Engineer: 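Below you will find the structure I want to go over with you.
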Number of protein chains: 2
Amino acid sequence: MVNKKVVARLSSYRTALLRFHELGFVKVFSDTLAEAVGATSAQVRKDFSLFGISGNKKGGYQTDILIEKLQSLLGKDRVQPVIVVGIGNIGTALLKYRGFEDEGIRIVAGFDLDPAKINRKLKVPVLPADEMQDFIREQRVTIGIIAVPDAAAQAVCDTLVAAGIRGILNFAPIVLRAEEGVVVNNVNLQNELENVIYFVNTLAKQIKGK
Amino acid sequence: MVNKKVVARLSSYRTALLRFHELGFVKVFSDTLAEAVGATSAQVRKDFSLFGISGNKKGGYQTDILIEKLQSLLGKDRVQPVIVVGIGNIGTALLKYRGFEDEGIRIVAGFDLDPAKINRKLKVPVLPADEMQDFIREQRVTIGIIAVPDAAAQAVCDTLVAAGIRGILNFAPIVLRAEEGVVVNNVNLQNELENVIYFVNTLAKQIKGK
DNA sequence: GGATTATTGTGATAAATTTCACTAAAAACC
DNA sequence: GGTTTTTAGTGAAATTTATCACAATAATCC
């Protein structure tokens, strides 16, 4: 069954494959790829099998074809417009990050309540929050990133969904409630850091899972 | 068995509990907490049981005591000094984020190769990369955040570990190799966003897992 | 062209994680 | 003080996820 973890591995395979391709690898084997992403070769093959991707007995997978298939699965064959709500520290980092452009992701605008943050002249403009819904509808944006304080996150989520957003990457440390059919993925950087601290303090070796 | 996922839930329980405490909740029940973090009540109890945390039949858990125990488990009873390597977009966001201070995490310095980024006058100074090892040793820092380009990440990792770093939060999209006993936690924001895009494109409802 | 080798694809198995469902105990009620 | 109610704690069961191990097959070698 396709779940978050498998899709995350798909992304990792793709990233690794782009490197291999750059290095001139015409074909790649499941165990090479496995090593590159920290998985087992059987898992790589099982994952591919799940998405109907097949290779060649003895010949491995042809790098460019494989990349092509992953691109398609991950929605890279068209540019995905994304907005960022909350132009604080993380929001700003995401707005400024130029690497997304090469990856089929275009941050098209940021939104904030604070008038001091508004700037329409930027390559990626920062607009007032009250223009957000119209913008989403007009530009047909379906993906949003929430990077506002936790107290505001649910309201922002509701507004986004009402305007047509179907997928949310949420950095606020709360569980967002959204109607069926809306994808919510939570990232909590403080939790991630606390995880490291926990395992360092308990002298564990490698973090299991993820 | 204690794994990354359980510890992540521990962090989430703690965050939710702080809110409950602020709202004046003296005690809290497993299903209240479960709802707040998007888990089941049985899971909350199992998790607590794993860490030897117990409540009261019918009475739930006393909020302040529970918070105290989680604080201790997550290393909040002493301030954890952390350094950030790579003062790009994410690195800058982490350096500037003031919220860590209240959470027992102190970003004590940033490091970068680019002389233009160096600034010793800041509240959190940004120092040249070649001062990093001495700094780590002198300040006895054990946790590091890697926010450098992927090509540089492994070298930074090696340097950090050689200087005494025991835990790494890695934002570079590669698998870091580190000796046994060094904790590595990988966060890949592009993957997280691609995950949302995938599930939106395949019309899925809620992301399973995580 | 037959034998050998390397690698995929996958059913079976194992391991990990979560949920179920029930017991026990404490509190509240009458 | 007994009865009822509520919730923790936890073995057992179910589900999910990952690994194993081997058959099938294509390339290579001799």
Side-chain angles (χ1 to χ4, degrees), chain A residues 1-13 16-17 20 25-63 65-66 69-70 175 195 199 204-210, chain B residues 1-13 16-17 20 25-67 69-70 175 195 199 204-210:
Chain A
M1 192 236 174
V2 180
N3 58 28
K4 187 175 141 66
K5 268 169 118 173
V6 188
V7 177
R9 284 199 299 270
L10 243 43
S11 285
S12 298
Y13 297 149
L17 280 164
F20 284 131
F25 284 51
V26 173
K27 58 186 186 181
V28 69
F29 303 112
S30 57
D31 61 346
T32 321
L33 203 44
E35 220 220 328
V37 307
T40 64
S41 64
Q43 183 154 62
V44 171
R45 296 194 300 271
K46 265 274 161 74
D47 287 346
F48 287 171
S49 158
L50 185 60
F51 293 96
I53 295 173
S54 60
N56 314 296
K57 296 276 161 79
K58 185 138 187 183
Y61 302 83
Q62 211 175 318
T63 313
I65 293 177
L66 188 48
K69 290 193 172 154
L70 292 174
V175 174
N195 231 297
F199 285 103
K205 22 187 180 184
Q206 184 80 7
I207 293 187
K208 287 202 62 176
K210 172 85 184 186
Chain B
M1 193 235 176
V2 180
N3 58 29
K4 188 176 141 63
K5 266 168 120 174
V6 188
V7 177
R9 284 199 299 268
L10 243 43
S11 285
S12 298
Y13 296 148
L17 281 164
F20 285 131
F25 284 52
V26 173
K27 59 186 186 180
V28 70
F29 304 111
S30 58
D31 61 346
T32 321
L33 204 44
E35 220 220 326
V37 307
T40 65
S41 63
Q43 182 154 63
V44 171
R45 297 194 299 271
K46 265 272 160 75
D47 286 346
F48 287 170
S49 158
L50 184 60
F51 292 96
I53 295 173
S54 60
N56 314 296
K57 295 275 162 78
K58 184 137 188 182
Y61 302 84
Q62 211 175 317
T63 314
D64 52 358
I65 293 177
L66 188 47
I67 290 174
K69 289 191 173 156
L70 292 174
V175 173
N195 230 297
F199 285 104
K205 20 185 181 183
Q206 185 80 5
I207 293 187
K208 288 201 61 176
K210 169 83 185 195

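Numbered from 1 within each chain, the chains take letters A, B, ... in sequence-line order. For clarity, every value in this text was computed on a predicted model and none was experimentally measured.
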Engineer: What pair of heavy atoms forms the shortest contact from B/Leu33 to B/Val28, and how long is it?
Structural biologist: N-CG2, 4.5 Å

Engineer: Examine C/dA27: is either OP1 or OP2 under 4.0 Å from a nitrogen or oxygen in the side chain of B/Asn56? Give yes or no.
Structural biologist: no

Engineer: Identify the two heavy atoms, one from A/Val6 and one from A/Phe51, that lie closest to each other, and give their separation to 0.1 Å.
Structural biologist: CG1-CE1, 3.5 Å

Engineer: Can you tell me the distance, in whole Å, between the CD1 atom of A/Ile65 and the C1' atom of C/dT8?
Structural biologist: 15 Å

Engineer: Of all residues at least two apart in sequence or in a different chain, which pass the side chain to side chain donor-acceptor pair (under 3.5 Å) check with B/Tyr13?
Structural biologist: B/Asp47

Engineer: Between the protein and nucleotides 3-5 of chain C, which nitrogen or oxygen pairs come in under 3.5 angstrom?
Structural biologist:
| from | atom 1 | to | atom 2 | distance (Å) |
| --- | --- | --- | --- | --- |
| C/dT5 | O2 | A/Lys58 | NZ | 2.9 |

Engineer: Expressed in angstrom and rounded to an integer, what is the separation of B/Lys57 atom NZ from C/dT23 atom P?
Structural biologist: 13 Å

Engineer: Whether A/Lys5 contacts D/dA18 is assessed here as follows: a side-chain N or O lying under 4.0 Å from the phosphate OP1 or OP2. Is that the case?
Structural biologist: yes

Engineer: Is there a side-chain polar atom (N or O) of B/Ser30 under 4.0 Å from OP1 or OP2 of D/dT7?
Structural biologist: no

Engineer: Send over the distance from A/Gln62 CD to C/dT7 C1', rounded to a whole Å.
Structural biologist: 16 Å

Engineer: Enumerate donor-acceptor pairs with a distance under 3.5 Å from any side-chain N or O in residues 36-44 of chain A to protein atoms, sequence neighbours excluded.
Structural biologist:
| from | atom 1 | to | atom 2 | distance (Å) |
| --- | --- | --- | --- | --- |
| A/Thr40 | OG1 | A/Gln43 | N | 3.2 |
| A/Ser41 | OG | A/Arg45 | NH1 | 3.3 |

Engineer: Only counting residues at least two apart or in another chain, list the ones meeting side-chain contact (heavy atoms from CB on, under 4.5 Å) with B/Lys46.
Structural biologist: none

Engineer: To check you understand the geometry: which heavy-atom pair defines the closest contact between A/Thr63 and A/Phe25, and what is its length?
Structural biologist: OG1-O, 3.0 Å

Engineer: What integer distance in Å separates B/Lys69:NZ from D/dA8:P?
Structural biologist: 14 Å

Engineer: Quick one: list whatever passes side chain to side chain donor-acceptor pair (under 3.5 Å) with A/Thr32, sequence neighbours left out.
Structural biologist: none

Engineer: Tell me the interatomic distance from A/Tyr61, atom OH, to D/dA26, atom C1', rounded to whole angstroms.
Structural biologist: 14 Å

Engineer: Looking at DNA chain C, which of residues 38-52 of chain A put a heavy atom within less than 4.0 Å of it?
Structural biologist: A/Arg45, A/Lys46, A/Ser49

Engineer: May I have the distance from B/Asn3 (atom CG) to D/dT17 (atom P), rounded to whole angstrom?
Structural biologist: 14 Å

Engineer: Can you name the nearest heavy-atom pair linking A/Lys4 to B/Asn195, along with the distance?
Structural biologist: O-ND2, 3.3 Å

Engineer: Could you state the atom-to-atom distance from CE of A/Met1 to P of C/dT18 in whole Å?
Structural biologist: 15 Å

Engineer: For A/Lys4 and D/dT16, give me the distance from atom NZ to atom P, rounded to whole Å.
Structural biologist: 18 Å

Engineer: Using the ring-ring contact (aromatic ring centres under 6.0 Å, His included) rule, pick out the option among A/Phe48, A/Phe20, A/Phe29 that qualifies with A/Tyr61.
Structural biologist: A/Phe48

